[in-house]
Amino acid sequence: MKHFVTLLFVITLSAGEMYAAAPADSIRKEMKHLKGEKLLQAYHHLCRLAAAEDNMGYELRCIREYLAESLRQKDKEAEARARVTQLYCYYNYEMTDSISYYLPEVLSAMKKNGTWDYYYNAWNVLIESYLYEDKVQTALFEAQKMYADARKRKNNYGLGTSTYGMACIYQTMGRFREAEKTIEESIAALSKADEISQLLSAYNVLGETLDGLRKYEKLRKKCAEWKAVIDKYKNEALRKGYTPSLNGRYLYCTLATAVAELETGHYDRAKGLLQLADKYAEGRKAVARFKLLQVKARYYAATKQYDRAIACNNENMGIMTAAGDSVSLLTVQMQQADLYTQAGRYKEAAELYSLVIPHKDKLRNTELAKQLDELRTIFEVDKLTLRNEVITTRLYLSLIIVALLLATVVLYIIYTRRLRRKNRALYDSILLYRKAESDMETAARLVPEEELDREGKIYRRLCELMQKEKVYKDTELNRDILSKRIGTNAVYITNAVRKYADGATINEFINGYRLRHAASLLTNNPDLNINEVEYRSGFNSRATFNRCFRAFFGMSPSEYKAVSKEKKKTKKDSSDEKA
């Protein structure tokens, strides 16, 4: 996937140039007889071929040769292109430290030469690397810095590139309204720039954002604008005597248009657009095939052709498995479970839900922990910066101390608010997770008894015992007691839980019910004392209860209780206002 991004970037930097598909050895032989611009073009083509070979050492050697020749010829455009290509090589091999090390030198050279489009493209590599590493807050701060720089210079391309980056970050964070606002600002700025590739990418992000906001009438209108931009570029290229490869651009525009038609009930139009998209997708990378299959699955589900929708999703699961993208795979698996439910295939839905939901929950907790760690790191960096200023500016010591205290308070307030916001988002996610879990259990109960194996029957009886009699409230509950209650032996019950509860132990299974009950108590009775919740849920140790609760839900019982009280008060105030 990252190689695809690199190749796409290098190609779009030279939109309109046509090269023969010659091997690297042949190019090097020809280069002995080339001079000037033609020699630089040959070096550029050599770098493009090297990027496809998955050999960082060889690729960097080609790029450095290209850079050396551009410096020898004093060609500012070629120098800038070589420097950006080098940064993307580091990005492609996940060398963020190298990007951070070389970026100041690169930006300084481009600032000196006045190659501003490449200047902002180079800066954007760092933002993309942060985003790839899930450092979304750091990426957002860097994009905001780029935006301020571009605004100061009144550079449209810089404004468009920085707002494009911010929109991608907001979209990653699920903040679609902010993403919509910033990507529209990006399109407005990039429409005034000469380079069109970033503009078309911005339209793609706008399409995904409007889909997330379910603004399908607006999406249809924007897709028409999007296609007009591609058509205009194509016609201008043809007039200049070359034929650009735009199938990828037309593919994403066509798929976005198909979504708009599909979601507004125009199924025949959507079908025709998907047939056209099939042609555009021929011979393209797996990422294009994945997007096409996603939209096809939506179309087939909307037209109740569930078997075909499921087949599309199955193919996408294969693509994500081959790519090693476990996060996207979980999303596709959840979509597949939903399709099974819509198709009435409840057993398969229940099995897939039981597989996916625990993993999604663990992933969500991991992501939240990463974001909190990132915020702590940012906080510590800011404190260190202020501390260094105190040391280096002794003449203004008192002023800096005051500034440090104010900054610390502000940062603490920001951190606290963000933590509360994240806890509120996590609380909502927990409620959704509990609803999904309830739906999964409902679906599981619909599976006929005769279709279950021995472990499945034991697991069902075990779940019914826990749900109806709430035996988990007994602090002494263990495997032997459960075995006697449902009339089986300890080995069978252990095997049943391990098979149907995602490899959990008996203690983890019991504690899962205790923790869900504790969460329910805190949700419905936020004024309850934590010790009372612990006792009613079957725990006999406050330390154990706190540790298990945080590991399971991503926050402490006290934090959960605080959010629950806040939600309840907000709901009450809203009801009072309506009354």
Side-chain angles (χ1 to χ4, degrees), residues 1-2 4 94 131-136 168-169 171-176 208 211-212 285-298 300-301 306 309-343 345-374 422 425-444 498-504 508 512 515-516 551-555:
M1 176 63 182
K2 295 182 74 179
F4 171 75
E94 303 179 16
L131 192 55
Y132 182 80
E133 294 177 345
D134 292 328
K135 296 180 179 179
V136 289
C168 292
I169 296 164
Q171 193 181 81
T172 300
M173 298 167 75
R175 294 160 61 176
F176 289 105
E208 293 174 350
D211 185 15
K285 299 279 185 179
V287 64
R289 180 70 182 164
F290 177 83
K291 181 67 176 178
L292 174 62
L293 289 168
Q294 271 191 323
V295 180
K296 279 188 171 183
R298 288 174 67 171
Y300 289 134
Y306 296 117
I310 289 168
C312 289
N313 247 34
N314 273 330
E315 188 173 344
N316 262 351
M317 283 194 282
I319 292 173
M320 289 300 100
T321 301
D325 189 344
S326 58
V327 177
S328 296
L329 178 60
L330 283 174
T331 300
V332 178
Q333 286 175 321
M334 184 62 80
Q335 293 167 351
Q336 189 79 318
D338 292 340
L339 287 172
Y340 281 142
T341 302
Q342 293 174 44
R345 294 162 63 172
Y346 300 115
K347 180 180 179 181
E348 292 164 284
E351 291 173 350
L352 197 50
Y353 278 130
S354 66
L355 172 68
V356 174
I357 288 177
H359 289 296
K360 285 185 73 68
D361 188 51
K362 291 176 183 177
L363 178 64
R364 187 182 299 112
N365 289 339
T366 301
E367 289 175 346
L368 286 171
K370 283 183 178 178
Q371 291 183 28
L372 288 174
D373 287 342
E374 184 187 359
K422 289 182 184 300
L426 183 55
Y427 178 90
D428 292 338
S429 298
I430 291 167
L431 296 184
L432 290 173
Y433 164 74
R434 288 167 56 195
K435 183 179 182 304
E437 190 174 51
S438 177
D439 292 342
M440 181 186 71
E441 291 174 354
T442 302
R498 184 182 297 115
K499 181 174 181 180
Y500 285 95
D502 196 34
E508 289 170 346
L515 290 166
R516 286 191 288 272
F552 196 82
F553 291 116
M555 67 174 86

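Scope of the values below: all heavy atoms of this structure, side chains included, with no hydrogens, waters or symmetry mates. Being a predicted model, the structure only gives us computed values, none of them experimental. Counting from 1, the numbers follow the sequence of the chain as shown.
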Just wondering, do [Y] and [X] contact through their side chains at under 4.5 Å, heavy atoms?
| X | Y | answer |
| --- | --- | --- |
| Glu348 | Ile310 | no |
| Lys291 | Val287 | no |
| Ile319 | Asn316 | yes |
| Arg289 | Glu315 | yes |
| Arg516 | Phe552 | yes |

For residues [X] and [Y], report the shortest heavy-atom separation together with the two atoms involved.
| X | Y | value |
| --- | --- | --- |
| Leu329 | Met317 | CD1-O, 3.7 Å |
| Asp502 | Ser354 | CB-O, 4.4 Å |
| Cys312 | Leu293 | CB-O, 3.8 Å |
| Ala301 | Ala309 | N-CB, 3.8 Å |

To the nearest 0.5 Å, tell me how far Tyr306 OH sits from Asn313 CG.
13.5 Å

What distance do Phe176 atom CZ and Asp211 atom CG have between them, rounded to the nearest 0.5 Å?
8.5 Å

Working for side-chain contact (heavy atoms from CB on, under 4.5 Å), residues Gln336 and Val332:
CA-CA 6 Å; Gln336 189 79 318; Val332 178; 5.6 Å; no

side-chain contact (heavy atoms from CB on, under 4.5 Å) between Met334 and Leu330: does it pass, once the steps are laid out?
CA-CA 6 Å; Met334 184 62 80; Leu330 283 174; over 6 Å; no

